[in-house]
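Quick note: residue numbers are just sequence positions, from 1.
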Amino acid sequence: MITTRFTETFGVDHPIICGGMTGVGTADLVSAVAEAGALGFLTALTQPTPEALVREIARCRDLTDRPFGVNLTILPTLTPVPYAEYRAAIIESGIKVVETAGSNPAEHVAAFKAADVKVIHKAVAVRHALKAQKLGVDAVSVDGFECAGHPGEEDIPGLVLIPAAVRQLDVPVIASGGFATGGGLAAALALGACAINMGTRFVASAEAPVHANVKAQIVANDERATQLVFREFGNTGRVARNAISEEIVTRSKRPGAVFEDVAALASGVRGRTRVLQEGHMDDGLWWAGQAQGLIESVATCDEIVSGIVTDAEKIIDRLAGLRG
């Protein structure tokens, strides 16, 4: 067993996180991650209302008695999101750890800390991580450029970003972006992180609530099968490469292009419905990281977590043996 500041702080067996993923982070997946001894996060905004989130938290508790948390991602939206109500639902449900991401989480961190809720904030730059630490978060998850989702605009890979963050932060650092193997966990620990955060790897799990075509596509894809979108609009995202992502890139490069030119193609509802639920792999935008190139099979969450930890322990032992 690998014990770190992360496992001690958050009361889990293994230094592995399944971070929040819209449309994927439901009780089905998160309870399985928890049962495997890792820390999973339900995604608050996957649920249509705060009341639905309360029910999903209860459903997860019916499936596991081990620790899990809730992700609250704060982003600009066309339709206002009742963030304060979601936050209240999390606190009143007795959740003890929250993952925040997106915009400045100051208001939410203050409320969570007042309710004795531990907070992990996701950041894509050292300066943002330092601001989060100043707000009083309990840990920072640092996303390298390899990650799915929004890697920021500075293109710093984890090999540089993670130790740069560790060097300046006092709170535990969680390495995120490009992790899917025991070698990745061992490397993250060597860089000074105390855990890894995986998204794409857990999408290719038996328990992930997505169509089998999505899981098979992740296994078939290599490390080149992602694409950066929305860069022209200052909101870069890394997604799986498909016909929709290619068309978004083409339209975005046209002189005078604005987000409205790609909005229908980029619709989150479309991606979740047509791809994640129905398995039409070229009919919507879906998120995946470069770690696709390291994923060779669909497995249960228990197999994923135990395999990664076992491989990391073997690597650490082998490297320790080289000292003589």
Side-chain angles (χ1 to χ4, degrees), residues 4-6 9 15 17-22 41 43 45 69 71-77 83 97-110 112-113 118-180 184-185 187-200 223 226-239 252 259 287-291:
T4 69
R5 288 178 68 193
F6 170 81
T9 300
I17 287 178
C18 173
M21 294 181 283
T22 302
F41 287 91
T43 310
L45 301 189
N71 165 281
L72 186 64
T73 297
I74 309 106
L75 292 172
T77 57
Y83 284 110
V97 56
V98 166
E99 177 188 60
T100 57
S103 303
N104 189 327
E107 171 190 351
H108 305 289
V109 171
F112 286 132
K113 297 301 292 181
K118 290 184 172 68
V119 179
I120 299 171
H121 183 65
K122 293 186 73 175
V124 296
V126 175
R127 64 185 184 280
H128 298 158
L130 287 168
K131 288 180 181 177
Q133 177 176 267
K134 191 173 182 179
L135 292 175
V137 302
D138 298 275
V140 176
S141 180
V142 178
D143 262 343
F145 184 55
E146 306 91 335
C147 70
H150 296 281
E153 308 302 312
E154 297 175 357
D155 303 356
I156 310 297
L159 191 62
V160 172
L161 188 61
I162 293 160
V166 168
R167 185 171 59 186
Q168 296 193 51
L169 291 165
D170 297 317
V171 297
V173 172
I174 298 151
S176 182
F179 294 97
L185 174 56
L189 297 174
L191 293 174
C194 61
I196 57 171
N197 175 42
M198 303 190 302
T200 304
E223 67 279 4
T226 69
Q227 192 154 33
L228 297 177
V229 294
F230 313 145
R231 173 139 286 190
E232 293 80 1
F233 314 123
N235 189 30
T236 299
R238 185 181 298 282
V239 301
S252 300
F259 183 74
W287 306 93
Q290 292 179 324

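The heavy-atom pair separating Trp287 from Gly237 by the smallest distance is CZ3-CA, 3.9 Å. Contact record, Ala175 with Ala188: CB-CB, 3.8 Å, taken as the closest heavy-atom pair. Scanning both residues, Val171 and Gln133, for their nearest heavy atoms gives N-OE1, 3.1 Å. The two residues Leu191 and Val166 come nearest to each other via the heavy atoms O-CG2, 3.8 Å. Between Pro172 and Cys194, the shortest heavy-atom distance links the atoms CB-SG, 3.3 Å. Contact detail for Thr100 and Pro105: the closest heavy-atom pair is OG1-CB, 3.9 Å.
In this structure, the side chain of Glu146 does not engage the main chain of Ala291 through any donor-acceptor pair within 3.5 Å. Using modelled atom types, one side-chain atom of Thr200 and one backbone atom of Gly289 make a donor-acceptor pair closer than 3.5 Å. Counting only distance, with no hydrogens or angles, the side chain of Asp138 and the backbone of Ile120 share no donor-acceptor pair below 3.5 Å. Side chain of Ser252 to backbone of Phe230: no donor-acceptor contact under 3.5 angstrom is found. Without hydrogens or angle criteria, Glu99 side chain to Gly20 main chain gives a donor-acceptor distance under 3.5 Å.
His128 places none of its side-chain heavy atoms less than 4.5 Å from the side chain of His121. With contacts defined as side-chain heavy-atom distances shorter than 4.5 Å, the pair Asn235/Phe259 does not qualify. A 4.5 Å side-chain heavy-atom check between Leu45 and Tyr83 finds at least one atom pair inside the cut-off.
Judged purely by distance below 3.5 Å, without hydrogens or angles, the side chains of Asp143 and Ser176 pair a donor atom with an acceptor atom.
Shown here is Lys113, whose NZ atom has more than 12 heavy atoms of other residues, nucleotides or ligands within 6.0 Å.
Here the CD1 atom belonging to Ile74 is positioned 9.0 Å from the CD atom belonging to Glu107, to the nearest 0.5 angstrom. One distance of note links CG of Leu185 with OG1 of Thr4; it measures 9.0 Å at 0.5 Å rounding. Note that OG1 of Thr73 is 11.5 Å distant from CE of Met21, once rounded to the nearest 0.5 Å. With values rounded to the nearest 0.5 angstrom, Arg238 atom CZ is found 4.5 Å from Phe145 atom CZ. For the atom pair Ile196 CD1 and Ile162 CD1, the distance stands at 10.0 Å (nearest 0.5 Å). Summarising the geometry, atom CG belonging to Asp170 is positioned 9.0 Å from atom CG belonging to Leu130; distances are rounded to the nearest 0.5 Å.
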Should Asp155 and Arg231 be marked as a side chain to side chain contact (heavy atoms under 4.5 Å, CB included) after you check the CA-CA gap, both sets of side-chain angles, and the distance that decides it?
CA-CA 11 Å; Asp155 303 356; Arg231 173 139 286 190; 2.7 Å; yes

Step by step, would you call Lys122 with Asn197 a side chain to side chain contact (heavy atoms under 4.5 Å, CB included)?
CA-CA 10 Å; Lys122 293 186 73 175; Asn197 175 42; 3.8 Å; yes

